[in-house]
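Below: the structure, in structure tokens.
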Amino acid sequence: MTTTALADTARAIVAAGKGVLAADETPRTLTQRLAARTIESTAETRRAYREMFFTTPGISEFIGGVILQDETIHQRSSTGTPLVDLLAQEGITPGIKVDNGARPLAGSPGERVTEGLDGLRDRLASYREMGARFAKWRAVILIGEGLPTAGCVNANAHGLARYAALCQEQGLVPIVEPEVLMDGAHTIDRSEQVTGRVLQAVFDALFEQNVSLEGMLLKPNMVIAGQHCERQASVEEVATATLRTLSRHVPPAVPAIVFLSGGQDHLLATKHLGAINQVGGPKPWKLSYSYGRALQDEALEVWDGRSENVPAGQHAFYHRAKCDSAAALGSYRTEMESEAASA
Ligand code: 13P
């Protein structure tokens with residue numbers, strides 16, 4: 001696959017106000033989310049849950065790509081169609097999570113490094129055979145006293161860059177996800193400082209590994225105060241600090257930045273994205289979303305594990321995706337919450 005083809009795929013995923021649905025929770029993580037609502041977690045209930053999102057009528061207007069997990073990419077819909085084909089038929093690009101998770105970093109208590117490079121080339125080739133056209137690898141950085149260490153930042157940046165180069169070699173667009181966690185009591189200023197340092201390390205590593213920036217997507221955190229910080233920044237402060245940090249550390253050749261929601265409330269995740277797109281200043285990249293929880297939470301609550309609630313769950317998902325899409329286009333207004341809900 002040529003670099004141009006990768007760039008075309010990357011741009012198509014975020015065309016015209018579209019974003020990404022992150023539906024790549026591991027069976028273990030999804031089991032925890034379902035258990036919190038006393039919904040039984042089996043391969044079958046997990047499939048039914050995912051199918052609700054993938055078959056939401058009209059959703060391809062707002063969702064250009066879906067990140068799947070290994071279990072899901074092997075599953076078929078209730079009518080026997082592979083889920084990955086179901087998405088492709090709707091014009092939604094299927095993607096796949098390929099990291100093996102964040103494990104304790106030896107020599108640095110409390111920090112983690114993402115694993116999964118061994119055998120990755122072959123796994124990417126087989127996922128591409130199955131229909132995946134992009135991939136995701138998530139690194140996590142914790143802010144704390146003396147953290148993150150340079151060792152942790154550099155090890156994770158190196159992993160992301162090696163993964164991204166392998167993806168492009170195998171014809172998949174890499175989503176590069178360095179997530180500075182919102183766990184903790186740090187201020188928004190500290191989040192800005194750490195996020196900038198991490199992004200700088202990631203782009204240095206991508207350059208070293210010859211990754212084509214036009215053929216990738218960046219999935220960062222927003223610059224936001226820690227969830228236990230006494231002073232939570234306003235929506236405008238988050239928007240300004242996020243844009244300032246990105247403009248300092250992300251080259252304009254990257255076609256789009258698709259934010260993670262990272263545990264933010266769904267409404268706040270929408271408002272932040274809307275404000276980021278409305279605040280003044282140069283924006284050489286598209287600024288869109290690749291939300292997991294913020295796109296799924298309302299639908300999960302409404303669905304509650306019952307097949308008769310699927311249409312209501314789909315309605316909730318459609319509404320949230322419509323608002324997030326408006327936020328990506330810079331046209332989100334709070335009033336849309338009631339307008340879209342009654343549409
Ligand atoms: P959240 O939006 O729930 O953070 O999930 C996005 C994601 O893909 C994390 O890796």
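Side chains are part of it too, since the values below use all heavy atoms of this structure and drop only hydrogens, waters and symmetry mates. The structure presented is a predicted model; accordingly, all values stated were derived computationally and were not measured. As the structure lists them, so they are numbered: ligands from 1, and atoms in each ligand from 1.
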request  = Mark yes when over 12 heavy atoms from residues, nucleotides or ligands other than E145 sit less than 6.0 Å from its CD; otherwise mark no.
outcome  = no
message = According to salt bridge (charged side-chain N to carboxylate O under 4.0 Å, His left out), who are the partners of E236, at least two apart in sequence or on a separate chain?
response = none
ask   = Can F317 and L295 be said to form a side chain to side chain contact (heavy atoms under 4.5 Å, CB included), step by step?
value = CA-CA 7 Å; F317 174 48; L295 271 171; 4.1 Å; yes
query = What's the verdict on side chain to side chain contact (heavy atoms under 4.5 Å, CB included) for I143 and L181, showing C-alpha distance, side-chain angles and the deciding distance?
reply = CA-CA 7 Å; I143 298 181; L181 297 167; over 6 Å; no
Closest non-hydrogen atom pair between E337 and C323, with its separation = OE2-SG, 3.6 Å
request  = Write out the protein residues near ligand 1, meaning a non-hydrogen atom under 4.0 Å from one of its atoms, in order of chain and number.
outcome  = A22, D24, K136, R138, E177, K219, L260, S261, G262, S290, Y291, G292, R293
query = What is the ring orientation for Y49 with F53, classed by angle as parallel under 30°, tilted 30 to 60°, or perpendicular over 60°?
reply = perpendicular
